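To keep things clear, I will list the structure first and then write my remarks on it.
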Amino acid sequence: MSRCFFLASDAPLEAYSDPGPLIIDADTKAVTCGGLPGYFAVWPADGVLELASEKEYCARADIESGCEERVIAYLQEQLNYSREVELWHVWLDGDVDHRVRTAEISASELSLEDIRELEQLPVSQEPITNYFYRITGRN
């Protein structure tokens with residue numbers, strides 16, 4: 001059992017992974033993978049049992065604190081292909097009888113705080129509740 005983020009849309013969702021540039025230290029001759037704060041990645045997924053969405057396409061998302069700006073940019077890009085995109089925070093436990101709470105937010109009003117709030121919602125506490133934001137096209 002684990003908490004996970006998913007996206008759902010009427011259009012295919014593009015895979016994405018944060019760039020991780022190589023950092024070469026000439027003095028120590030060490031090579032490390034640098035990166036941006038937080039981590040954000042998206043990869044298409046087949047249907048997810050716990051995802052109570054009617055959208056045709058879904059994708060798994062890794063969202064860590066610090067990447068909120070990239071999440072917003074990705075969602076806004078996806079709205080070029082679909083009227084709305086759903087961003088879900090769910091508890092994966094094989095049960096489909098979870099409560100669902102939703103909020104609708106226009107892409108122009110979606111904020112870093114909205115993403116942080118969704119990240120922190122307690123999806124694993126009883127009663128199990130899945131949350132999602134319906135992000136609508138730009139006004």
Side-chain angles (χ1 to χ4, degrees):
M1 293 185 251
S2 64
R3 67 182 193 94
C4 294
F5 293 94
F6 289 94
L7 301 170
S9 176
D10 290 324
L13 293 154
E14 184 178 327
Y16 173 88
S17 182
D18 274 337
L22 292 178
I23 299 171
I24 302 170
D25 185 328
D27 295 330
T28 64
K29 297 181 177 44
V31 178
T32 57
C33 182
L36 302 167
Y39 178 71
F40 176 52
V42 174
W43 61 95
D46 291 329
V48 177
L49 182 66
E50 294 88 350
L51 197 63
S53 177
E54 295 181 7
K55 302 293 184 192
E56 182 176 354
Y57 300 95
C58 73
R60 173 91 185 257
D62 275 347
I63 299 174
E64 295 178 1
S65 294
C67 69
E68 293 85 0
E69 289 180 7
R70 291 177 306 244
V71 172
I72 290 170
Y74 176 89
L75 292 169
Q76 289 176 338
E77 173 65 24
Q78 297 312 302
L79 288 169
N80 290 323
Y81 313 107
S82 182
R83 273 187 323 109
E84 60 187 33
V85 176
E86 297 172 351
L87 174 58
W88 287 79
H89 185 191
V90 303
W91 183 247
L92 294 181
D93 63 359
D95 191 353
V96 295
D97 196 22
H98 298 164
R99 291 179 174 198
V100 175
R101 299 283 187 251
T102 184
E104 186 168 313
I105 305 171
S106 71
S108 61
E109 295 176 356
L110 185 62
S111 70
L112 302 177
E113 291 76 26
D114 292 326
I115 304 299
R116 288 180 191 128
E117 176 186 52
L118 186 63
E119 284 180 273
Q120 295 171 8
L121 289 169
V123 295
S124 63
Q125 293 179 359
E126 290 292 335
I128 301 296
T129 304
N130 294 336
Y131 299 88
F132 81 93
Y133 291 161
R134 178 177 293 116
I135 293 106
T136 57
R138 300 172 192 185
N139 294 337

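Below, each value reflects all heavy atoms present in this structure, side chains not excepted, and no hydrogens, waters or symmetry copies. Predicted, not measured: the structure shown is a model, and the values here were computed from it.
- Of all non-hydrogen atoms in Val123 and Trp91, the two that sit nearest each other are O-CB, 3.5 Å.
- Note that SG of Cys67 and CG of Asp62 are 9.0 Å apart. Values are rounded to the nearest 0.5 Å.
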- Verdict with reasoning, Leu7 to Leu75, per side chain to side chain contact (heavy atoms under 4.5 Å, CB included): CA-CA 9 Å; Leu7 301 170; Leu75 292 169; 3.7 Å; yes
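- A donor-acceptor contact closer than 3.5 angstrom is absent between the side chains of Glu117 and Tyr131.
- By the 6.0 Å contact criterion, CD on Glu54 is open, its count of non-hydrogen atoms from other residues, nucleotides or ligands being 12 or less.
- Of the inter-residue distances, the one linking His89 atom NE2 with Arg101 atom CZ reads 15.5 Å to the nearest 0.5 angstrom.
- In plain terms, the two heavy atoms of Val100 and Ala52 that are nearest each other are CG2-CB, 4.3 Å.
- Asp114 CG to Tyr133 OH: the interatomic distance, rounded to the nearest 0.5 Å, is 5.0 Å.
- Here Ile115 contributes atom CD1 and Glu69 contributes atom CD; the two are 11.0 Å apart, rounded to the nearest 0.5 Å.
- Side-chain contact between Glu77 and Tyr16: absent, with no pair of heavy atoms (C-beta onward) separated by less than 4.5 Å.
- Here the side chain of Thr136 pairs no donor or acceptor atom with the backbone of Arg134 at under 3.5 angstrom.
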| query | Would Leu13 and Phe6 count as a side chain to side chain contact (heavy atoms under 4.5 Å, CB included) if you check the C-alpha gap in whole Å, the side-chain angles of each, and the deciding distance to 0.1 Å? | reply | CA-CA 11 Å; Leu13 293 154; Phe6 289 94; over 6 Å; no
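- Minimum interatomic distance between Leu92 and Cys4 (heavy atoms only, all atoms of both residues): CD1-SG, 3.2 Å.
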Q.
The test is side chain to side chain contact (heavy atoms under 4.5 Å, CB included); show your working for Ile63 and Leu87 and say whether it passes.
A. CA-CA 11 Å; Ile63 299 174; Leu87 174 58; 4.0 Å; yes
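- Residues Trp43 and Val71 fall into different hydrophobic clusters, defined by Ile, Leu, Val, Met, Phe, Trp and Tyr side chains chained together at heavy-atom separations under 4.5 Å.
- Arg116 has no carboxylate O lying under 4.0 Å from a charged side-chain N of Glu119, or vice versa, which leaves the two without a salt bridge.
- Aromatic ring pairs are classed by plane angle as parallel below 30°, tilted from 30° to 60° and perpendicular above 60°; the pair Phe40 and Tyr74 is perpendicular.
- Summarising the geometry of Tyr57 relative to Ala11, their closest heavy-atom pair is CD1-C, 3.3 Å, with the distance given to 0.1 Å.
- Here the closest heavy-atom approach between residue Leu112 and residue Glu68 is recorded as CD2-CB, 3.6 Å.
- Heavy-atom minimum distance, Glu86 versus Ser53: OE1-OG, 2.6 Å.
- Here the OG atom belonging to Ser9 is positioned 10.0 Å from the CZ atom belonging to Arg83, to the nearest 0.5 angstrom.
- Taking OH from Tyr81 and CG from Asp10, the interatomic distance works out to 15.5 Å, rounded to the nearest 0.5 Å.
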- Task: Let me see the working for Glu104 and Glu84 under side chain to side chain contact (heavy atoms under 4.5 Å, CB included), right down to the final yes or no.
- Result: CA-CA 10 Å; Glu104 186 168 313; Glu84 60 187 33; 5.6 Å; no
